[in-house]
Amino acid sequence: MSKIPYKIYLEENEMPDKWYNVRADMKKKPAPILNPGTLKPVTLEELSGIFCEELAKQELDDTTAYFEIPEEIRNFYKMYRPSPLVRAYCLEKKLDTPAHIYYKFEGNNTSGSHKLNSAIAQAYYAKKQGLKGVTTETGAGQWGTALSMACSYFDLDCQVYMVKVSYEQKPFRREVMRTYGATVTPSPSMNTEVGRRINAEFPGTTGSLGCAISEAVEAAVSQEGYRYVLGSVLAQVLLHQSVIGLEAKAALDKYGIKADMVIGCAGGGSNLGGLISPFVGEMLRGEASYDIIAVEPASCPSLTRGVYAYDFCDTGKVCPLAKMYTLGSGFIPSANHAGGLRYHGMSSIVSELYDQKLISARSVEQTSVFEAARTFARVEGILPAPESSHAIRVAIDEALKCKETGEEKNIVFGLTGTGYFDMVAYQKFNDGEMSDYIPTDEDLKKSIDKLPRV
Ligand SMILES: *Cc1c(COP(=O)(O)O)cnc(C)c1O
């Protein structure tokens with residue numbers, strides 16, 4: 001077999017022209033999302049009041065396996081895709097491991113992460129429906145950045161509610177969004193009813209994703225010609241992100257490589273879900289088996305310490321209820337540095353796959369994550385996002401296990417983005433001032449006890 005290049009690129013004509021909906025191959029489907037008022041499965045009509053109609057259809061469709069990627073979206077993808085699958089030769093050498101390590105790099109666009117894959121799709125459907133604009137939340141800022149890029153491309157208004165702690169800590173992220181034409185408001189704000197309520201209940205709060213979601217939804221439903229868009233968690237987002245897994249699979253197949261392990265970081269579950277979908281599809285159809293690991297921060301451990309139950313997707317309790325592994329929508333995680341992973345719940349698809357034991361999960365502590373990030377940056381060159389570095393941590397741990405056992409495993413992980421806007425975190429780490437906050441069982445019990453009774 002020919003030597004595997006450092007970067008495996010696909011040709012433009014080898015790029016996927018369809019997204020893959022893994023739910024179609026699941027015998028036991030994720031539980032339906034419920035209307036928070038009636039506790040009945042949400043109808044297309046109800047959902048279309050919040051989301052663009054085409055996206056609402058994708059959300060509710062758990063039987064269609066493939067969705068054609070519209071040509072306008074494929075043309076946009078071509079500006080920054082296919083993304084490379086990189087053989088981490090230098091990391092392997094550094095670790096002195098017999099394992100073969102590959103990473104799918106999604107940071108090669110201005111937003112710096114995989115989020116653009118879904119942002120462009122959601123903006124496209126909003127434009128096609130003739131809307132004026134969209135509202136959304138952003139945590140660390142990657143989703144807001146991606147969406148502002150997508151909206152400027154399609155000439156749509158973009159209103160972003162940014163978690164207050166990030167708004168203050170990441171002024172440059174904010175400016176990128178504004179440069180692309182978005183309006184950015186720190187959340188909780190005084191613009192919305194739910195923002196005012198949360199500010200009154202938790203004075204001085206630095207916000208959370210769940211809270212910003214509530215504000216953005218309220219802003220969407222109270223303005224004519226606006227809909228709400230969400231950057232993770234939802235089935236439609238995992239569908240769009242399947243482009244990551246489909247490309248990764250095609251690149252591996254091109255060189256006859258069979259992955260043994262597939263590893264991804266998990267916040268709301270979209271990059272992980274997208275990366276693993278084609279692999280899980282093969283497992284579900286009985287064609288292959290893989291060891292799949294979701295990696296989450298020890299400070300916000302929804303899969304490893306949460307419960308599998310119906311919960312609100314947002315703190316303000318205006319979104320549909322989803323059955324998922326959750327810490328409770330009232331859980332406000334400590335201000336750790338992987339903002340994109342600070343979400344109380346987990347995609348209902350990823351949750352159901354985890355519950356069926358098709359995938360496993362691991363939680364890792366912040367300092368060890370940054371140690372992995374540093375090792376990676378020094379040998380592979382790319383400065384990884386803190387979120388992505390959770391996957392690097394476990395990939396390194398697994399490669400070191402291979403060193404003990406002598407196994408030549410093929411380890412594939414998702415490198416979701418770059419960390420240029422996370423230098424405050426790197427500074428804390430470099431100064432030896434990083435802490436590893438882990439919630440106690442009592443902390444978790446407080447919010448889990450408040451789960452809705454469904
Ligand atoms: C948002 C984000 C994540 C986590 O979100 P998921 O929906 O779980 O994928 C991971 N990495 C980066 C770089 C992000 O921006």
Side-chain angles (χ1 to χ4, degrees), residues 83 103-119 122 136-149 162-163 166 170 173 176-177 209-210 212-213 229-245 262-277 293-297 300-303 313 322 324-325 333 336-351 353-354 359 361 363-364 369 373 376 382-394 413-422 425:
S83 73
Y103 57 90
K104 180 72 171 159
F105 180 47
E106 291 292 319
N108 218 355
N109 67 75
T110 298
S111 81
S113 81
H114 65 284
K115 295 212 170 64
L116 195 55
N117 300 332
S118 183
Q122 298 195 44
T136 198
E137 78 299 326
T138 196
Q142 289 98 321
W143 168 245
T145 311
L147 189 70
S148 61
M149 289 172 71
M162 186 171 188
V163 178
S166 313
K170 299 189 174 179
R173 271 260 177 237
V176 178
M177 287 183 253
L209 261 187
I213 294 174
V229 296
L230 178 59
S232 181
V233 185
L234 298 172
Q236 55 185 276
V237 183
L238 267 72
L239 176 71
H240 308 147
Q241 295 297 356
S242 69
V243 70
I244 304 173
V262 185
I263 300 167
C265 64
S270 76
N271 88 82
L272 175 82
L275 173 65
I276 68 176
S277 277
I293 309 175
V295 191
E296 57 185 15
C300 194
S302 47
L303 287 172
C313 296
M324 57 185 175
Y325 276 85
N336 77 67
H337 294 293
L341 304 182
R342 293 179 71 209
Y343 184 67
H344 67 272
M346 182 59 63
S347 140
S348 58
I349 298 176
V350 170
S351 293
L353 294 173
Y354 179 65
I359 68 174
S363 76
V364 290
V369 166
F376 182 85
I382 296 169
L383 181 79
E387 293 88 351
S388 324
S389 306
H390 287 66
I392 300 177
R393 173 73 272 164
V394 170
F413 74 89
L415 188 70
T416 50
T418 46
Y420 304 120
F421 288 104
D422 299 284

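We count ligands from 1, going down the list as the structure has it; atoms in each ligand are counted the same way. We number each residue from 1, following the sequence as shown. What you see below is based on every heavy atom in this structure, not just the backbone, and it leaves out hydrogens, waters and symmetry mates.
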Peer 1: I'd like to know if the side chain of Arg173 pairs up with that of Thr145 as donor and acceptor (distance under 3.5 Å, no hydrogens or angles considered).
Peer 2: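 Their side chains do contain a donor-acceptor pair, which is all the 3.5 Å distance test asks for.
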Peer 1: Minimum heavy-atom separation for Ser113 and Gln142, please, with both atom names.
Peer 2: OG-CB, 3.8 Å
Peer 1: Pairwise, report which nitrogen or oxygen atoms of ligand 1 are under 3.5 angstrom from protein nitrogen or oxygen atoms, and how far apart they are.
Peer 2:
unit_1   : atom_1 : unit_2 : atom_2 : d
ligand 1 : 7 (O)  : Ser232 : OG     : 2.4
ligand 1 : 7 (O)  : Ser270 : N      : 3.0
ligand 1 : 7 (O)  : Ser270 : OG     : 2.7
ligand 1 : 8 (O)  : Gly267 : N      : 2.7
ligand 1 : 8 (O)  : Gly268 : N      : 3.0
ligand 1 : 8 (O)  : Gly269 : N      : 2.9
ligand 1 : 9 (O)  : His114 : NE2    : 3.2
ligand 1 : 9 (O)  : Ser270 : OG     : 3.3
ligand 1 : 9 (O)  : Asn271 : N      : 2.8
ligand 1 : 9 (O)  : Asn271 : ND2    : 2.7
ligand 1 : 11 (N) : Thr416 : OG1    : 2.7
ligand 1 : 15 (O) : Lys115 : NZ     : 2.5
ligand 1 : 15 (O) : Gln142 : NE2    : 3.3

Peer 1: Among Val350, Val262, Ile293, find the residue that satisfies the side chain to side chain contact (heavy atoms under 4.5 Å, CB included) test when tested with Ile359.
Peer 2: Val350
Peer 1: Please name the pair of heavy atoms, one in Thr416 and one in Ser388, separated by the smallest distance, quoted to 0.1 Å.
Peer 2: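 Scanning both residues, the minimum pair turns out to be OG1-OG, 2.7 Å.
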Peer 1: Measure across Tyr354 and Ala361 and return the closest heavy-atom pair with its distance rounded to 0.1 Å.
Peer 2: CE1-CB, 3.5 Å
Peer 1: For Ile382 versus Phe376, what's the shortest heavy-atom pair and its separation?
Peer 2: O-CD2, 3.7 Å
